[in-house]
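Read the numbers this way: they start at 1 and go in the same order the structure lists the ligands and their atoms. Everything numeric in this text was worked out from a predicted model, so none of it was measured.
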Amino acid sequence: MKKVILTGFEPFLNHEANPSELIVSALDEKVINGLQVKSVVLPVSFQRAAEIMKKLIKEEDPAAIVMLGLAGKRTAISLERIAINVMDGPEDNDGVVMSDQPIHEQGPAAYFSTLPLREIEAGVKEHDSHVYVSNTAGTYVCNALMYETLHELKRLEKRVPSGFIHIPFTKELNEANPLTHENLYQAITVLLQKLSLSIQASVSR
Ligand code: PCA
């Protein structure tokens with residue numbers, strides 16, 4: 001069966017929980033439209049997250065990669081369009097601080113997501129309006145993971161749809177927010193359904 005790698009992140013900085021960890025854990029081993037979910041919770045580490053992802057790509061031979069992370073200041077699901085070649089931000093969970101560093105010295109300025117973003121957006125919107133295509137994944141570990149993943153897939157000439165989705169804190173974790181854990185679980189399920197349909201369509205073309 002075709003496999004999708006679904007990653008989330010551990011808590012970081014002063015956050016007690018990371019909703020991306022909770023969502024990917026709840027979806028582990030589910031089969032969605034013939035796509036088997038392999039969930040992995042990554043450390044919020046510039047170095048280790050990328051290393052684990054490269055190992056997963058090699059060992060799991062995925063048909064798609066969907067990475068989730070928390071954007072604590074946002075209230076909607078952000079389908080990230082682009083990852084840029086910059087690391088900058090607060091210290092990661094290894095205590096490492098990156099300031100205006102390139103991820104790959106000789107790498108391109110940016111990579112675009114290869115997920116069918118508009119199809120996913122339309123699918124999720126049928127259930128919930130809190131979703132949009134975002135033009136910045138920031139410059140912290142999430143952006144770096146997206147960049148490293150797309151860079152590695154390019155290096156291996158592996159054409160599998162891959163990209164990053166930022167999710168907000170659930171209502172359970174921040175009462176002011178509109179989306180509950182159940183809402184986010186449903187939205188990511190719809191996203192995986194759309195992705196599976198898009199993979200099937202590209203195989204039969
Ligand atoms: N969000 C952070 C890193 C881990 C996470 O869940 C980010 O947006 O970079």
field: Contact residues of ligand 1, where a non-hydrogen atom lies under 4.0 Å away
entry: F9, F12, N18, V44, G69, L70, Y140, V141, C142, H166

task: Taking atom NZ of K171 as the centre, report whether more than 12 heavy atoms of other residues, nucleotides or ligands fall under 6.0 Å from it.
output: yes

query: Can a salt bridge be assigned to the pair R48 and E51 using a cut-off of 4.0 Å between side-chain N and carboxylate O?
result: no

- prompt: Rest of the hydrophobic cluster containing M1 (Ile/Leu/Val/Met/Phe/Trp/Tyr, side-chain heavy atoms under 4.5 Å)?
  reply: V31

message: I want to check something: taking the side chain as every heavy atom from C-beta on, are V44 and L13 in contact at a cut-off of under 4.5 Å?
response: no

- prompt: Does any donor atom in the side chain of S25 or D28 lie under 3.5 Å from an acceptor atom in the other side chain?
  reply: no

- prompt: Without hydrogens or angle criteria, can the side chains of S196 and Q200 be said to hold a donor-acceptor pair below 3.5 Å?
  reply: yes

